[in-house]
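Contents: one structure, followed by commentary.
Numbers restart at 1 for each chain; the letters A, B, ... are given by sequence-line order, proteins then strands. Keep in mind that the numbers below use all heavy atoms, side chains included, and drop hydrogens, waters and symmetry copies.
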There are 2 protein chains.
Amino acid sequence: MEANGFELENFLPYRLNRAAEFVALRFAAQYKARYQLTRPEWRTLAALGSSERPMTATEIGAHSTMHKTKVSRAVFGLEQRRWLKREEDGRDRRFEHLALTPAGEQAYRELTALASAYQNELLSMLGVENMQALSAGLLAVERAMRKRGTASPLPNPQGGGT
Amino acid sequence: MEANGFELENFLPYRLNRAAEFVALRFAAQYKARYQLTRPEWRTLAALGSSERPMTATEIGAHSTMHKTKVSRAVFGLEQRRWLKREEDGRDRRFEHLALTPAGEQAYRELTALASAYQNELLSMLGVENMQALSAGLLAVERAMRKRGTASPLPNPQGGGT
DNA sequence: GCATATTAGTTACAAGCGTAACTATTGATT
DNA sequence: AATCAATAGTTACGCTTGTAACTAATATGC
């Protein structure tokens with residue numbers, strides 16, 4: 001009671017988080033329902049699919065901002081699905097070079113088609129101008145992230161998730 | 001391989017989610033380290049603190065976009081801390097009217113002060129113009145949310161968290 | 001008035017998560 | 001060469017989460 005003026009609805013972390021959840025939700029429904037993919041698996045697929053060369057798990061984590069253990073589990077999941085294969089590095093056997101199988105590449109093409117369609121849908125929902133404003137704002141946040149470091153080992157909000 | 005043009009870095013759901021995590025992180029560190037609060041507890045505190053009247057758990061969930069069970073657990077946590085008290089509704093005993101105790105209000109004042117300071121810090125990190133652009137973009141997303149409904153019972157991305 | 005549906009809130013359960021500890025391998029120092 | 005540090009990746013553990021089932025109370029239809 002006795003408002004000191006603070007309103008959660010105007011608090012940027014809250015607004016960003018809620019918008020992110022909403023926007024992610026309808027796309028996640030697609031890859032979850034149609035492919036039984038988790039979000040880390042989708043991100044891993046997207047990272048590998050867009051790369052010309054095989055990647056290591058650490059590179060995937062850096063590319064798509066995921067914790068080591070998330071990548072490890074996602075790689076395992078995609079491997080079981082036969083969408084990904086590992087190849088060990090001859091010179092340094094700690095590394096695993098990960099690449100999509102043909103089936104994985106096929107799934108990647110289908111999912112990126114869905115993703116692009118969804119992005120267009122968002123564009124028409126928001127309007128060009130608002131989308132540009134949002135993108136510019138996000139770009140500023142991304143610059144700030146690079147400056148102040150994305151926090152050491154990528155700690156996330158809570159134990160559970162969002 | 002064989003890029004069809006899709007890049008995760010340009011995908012709005014991904015960008016929003018990453019920005020939200022980054023922005024939330026440094027504030028969450030404050031209420032976690034100094035008050036051992038979880039995010040649902042902080043949101044519940046913020047909802048009750050800014051309300052003139054007591055609220056029900058359902059109202060809190062609607063106000064701060066949280067799932068029933070999250071609210072239930074957060075209320076329990078704040079109650080144990082003696083920051084919140086329940087009062088049953090005489091006319092309809094299904095309802096519980098929740099209000100902050102003086103200790104809860106004190107914590108609310110301290111935390112909103114931290115929140116406002118953090119918001120100002122963000123403003124200076126991003127610059128006024130970028131902050132306005134971001135806010136305008138988020139507003140458009142929020143309008144779209146109201147149109148297409150925040151999904152029925154507030155399902156979240158994954159089981160775990162982010 | 002009585003059965004059925006609806007609503008507020010809680011809880012058991014399974015799954016995902018991050019931390020920290022672990023294995024395996026390589027690099028650096030001496 | 002031998003030790004110690006650093007790195008890639010995996011895994012055990014405890015915690016948080018949403019789903020679904022649950023209890024308790026009220027509303028609705030007949």
Side-chain angles (χ1 to χ4, degrees), chain A residues 17 21 24-25 28-29 32-33 36-44 54-63 65-80 84 86-98 150-162, chain B residues 17 21 24-25 28-29 32-33 36-44 54-63 65-80 84 86-98 150-162:
Chain A
N17 187 75
E21 276 181 6
L25 199 64
K32 274 206 275 192
Q36 271 94 45
L37 275 185
T38 66
R39 182 160 59 181
E41 284 166 357
W42 148 243
R43 281 194 186 177
T44 298
M55 299 174 80
T56 66
T58 302
E59 285 172 337
I60 293 174
H63 177 88
T65 333
M66 288 192 297
H67 190 270
K68 262 190 347 176
T69 60
K70 256 186 190 168
V71 178
S72 176
R73 287 156 179 154
V75 165
F76 181 72
L78 293 177
E79 185 184 31
Q80 281 200 315
L84 172 155
R86 312 187 191 220
E87 198 161 347
E88 69 171 14
D89 186 320
R91 318 193 195 292
D92 188 336
R93 299 215 312 281
R94 288 173 300 184
F95 292 93
E96 290 180 341
H97 297 286
L98 307 167
T150 316
S152 347
L154 278 177
N156 249 32
Q158 223 81 271
T162 304
Chain B
N17 187 75
E21 276 181 6
L25 200 63
K32 276 206 275 193
Q36 271 93 46
L37 274 184
T38 67
R39 181 160 57 181
E41 285 166 356
W42 149 243
R43 281 195 186 177
T44 298
M55 299 174 78
T56 67
T58 302
E59 286 172 336
I60 293 174
H63 178 87
T65 334
M66 288 192 296
H67 190 270
K68 265 193 337 180
T69 60
K70 254 187 192 168
V71 178
S72 176
R73 286 156 180 153
V75 165
F76 180 71
L78 293 177
E79 186 184 31
Q80 280 200 316
L84 173 154
R86 313 185 191 220
E87 198 162 345
E88 70 171 13
D89 186 320
R91 318 193 196 292
D92 189 336
R93 300 215 311 280
R94 288 173 300 184
F95 292 93
E96 290 180 340
H97 298 286
L98 307 167
T150 318
S152 345
L154 278 177
N156 248 32
Q158 223 81 271
T162 305

Exercise for the section: Just jot down the salt bridge (charged side-chain N to carboxylate O under 4.0 Å, His left out) partners of B:Asp89, sequence neighbours excluded, or say none. Expected result: none
Handout entry: Under 4.0 angstrom between A:His67 side-chain N/O and C:dT19 OP1 or OP2
Key = yes
Please list, pair by pair, any protein nitrogen or oxygen found under 3.5 Å from a nitrogen or oxygen in nucleotides 12-14 of chain C.
unit_1	atom_1	unit_2	atom_2	d
C:dA12	N6	B:Arg73	NH2	3.2

Practice task
State, with a plain yes or no, whether a side-chain heavy atom of A:Leu78 is found less than 4.5 Å away from one of A:Leu37.
Solution key: yes
Completion exercise
Atom NZ of B:Lys70 and atom C1' of C:dC17 are separated, to the nearest Å, by 13 Å
Fill in the blank from the handout: Applying side-chain contact (heavy atoms from CB on, under 4.5 Å) to B:Thr56 and not counting sequence neighbours gives B:Thr58, B:Glu59, B:Phe95, B:His97
Completion exercise
Between CG of B:Asp89 and P of C:dA8 the distance, given in whole Å, is 12 Å
Practice task
Round to the nearest Å and state the distance from B:Arg43 atom CZ to D:dT17 atom P.
Solution key: 10 Å
Completion exercise
The reported gap from OG1 in B:Thr44 to NZ in B:Lys70 (rounded to nearest 0.5 angstrom) is 10.0 Å
Practice task
Measure the distance from CD on B:Glu41 to P on D:dC15 and round it to the nearest whole Å.
Solution key: 14 Å
Problem - Set of residues satisfying side chain to side chain donor-acceptor pair (under 3.5 Å) with respect to A:Glu79, sequence neighbours excluded - result: A:Arg86
Completion exercise
note: A:Gln80, atom CD; D:dT10, atom P; distance rounded to Å ~ 13 Å
Practice task
Round to a whole Å and report the spacing from CD of A:Gln36 to C1' of C:dA15.
Solution key: 15 Å
Handout entry: For B:Thr69, side chain to side chain donor-acceptor pair (under 3.5 Å) partners two or more places apart
Key = B:His67
Practice task
Would you kindly give the CE-to-P distance between A:Met66 and C:dT19, to the nearest whole Å?
Solution key: 15 Å
Completion exercise
Protein-proximity profile, nucleotides 4-9 of chain D, B/S/- by nucleotide at the 4.0 Å heavy-atom cutoff, equals --BBSB
Fill in the blank from the handout: All heavy atoms of A:Ala24 vs all of A:Arg39, minimum pair found to be CB-NH1, 4.3 Å
Exercise for the section: Would you kindly give the CZ-to-C1' distance between A:Arg39 and C:dC17, to the nearest whole Å? Expected result: 11 Å
